[in-house]
Amino acid sequence: MTDIQHEKYARLMAAVEELEEKVDELEKNDADPETLKKALEELGEARTKLTRVSDGCGPTRSPNEG
């Protein structure tokens, strides 16, 4: 993984963790449903971005490799 990819991955991981903490706090404090929904959508988007980046970071493997 190049340094740029690693930095992007690390930033996205930090963003996901931050959003997870935000959602936890909102749930604990019985936040407004609309606010919680927005936070969950942001978290979902961040997780999707993280998945896309992490899928491209590993070594490529073809089905024919043994």
Side-chain angles (χ1 to χ4, degrees):
M1 178 177 346
T2 65
D3 289 337
I4 294 171
Q5 287 173 317
H6 181 74
E7 289 174 23
K8 188 173 185 177
Y9 185 75
R11 278 195 309 270
L12 286 170
M13 281 185 57
V16 167
E17 288 178 10
E18 200 173 292
L19 288 167
E20 287 174 339
E21 290 173 7
K22 180 180 177 180
V23 167
D24 285 343
E25 285 299 314
L26 290 171
E27 289 176 338
K28 286 179 189 175
N29 295 325
D30 293 323
D32 172 55
E34 195 61 36
T35 303
L36 181 58
K37 180 182 176 184
K38 184 178 177 182
L40 287 168
E41 287 173 356
E42 289 176 31
L43 177 58
E45 289 173 14
R47 285 179 173 165
T48 300
K49 288 178 186 177
L50 180 61
T51 300
R52 279 196 307 249
V53 170
S54 66
D55 285 349
C57 291
T60 55
R61 297 195 174 131
S62 71
N64 297 327
E65 286 183 13

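Side chains are part of it too, since the values below use all heavy atoms of this structure and drop only hydrogens, waters and symmetry mates.
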List, one per line, each side-chain donor-acceptor pair under 3.5 Å for residues 36-48, sequence neighbours excluded.
| residue | atom | partner | partner atom | Å |
| --- | --- | --- | --- | --- |
| R47 | NH2 | E20 | OE2 | 2.8 |
| T48 | OG1 | G44 | O | 2.9 |

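- Here the CG-CD distance, from L26 to E21, works out to 12.0 Å after rounding to the nearest 0.5 Å.
- Taken to the nearest 0.5 Å, the CG atom of N29 stands 10.5 Å off from the CD atom of E27.
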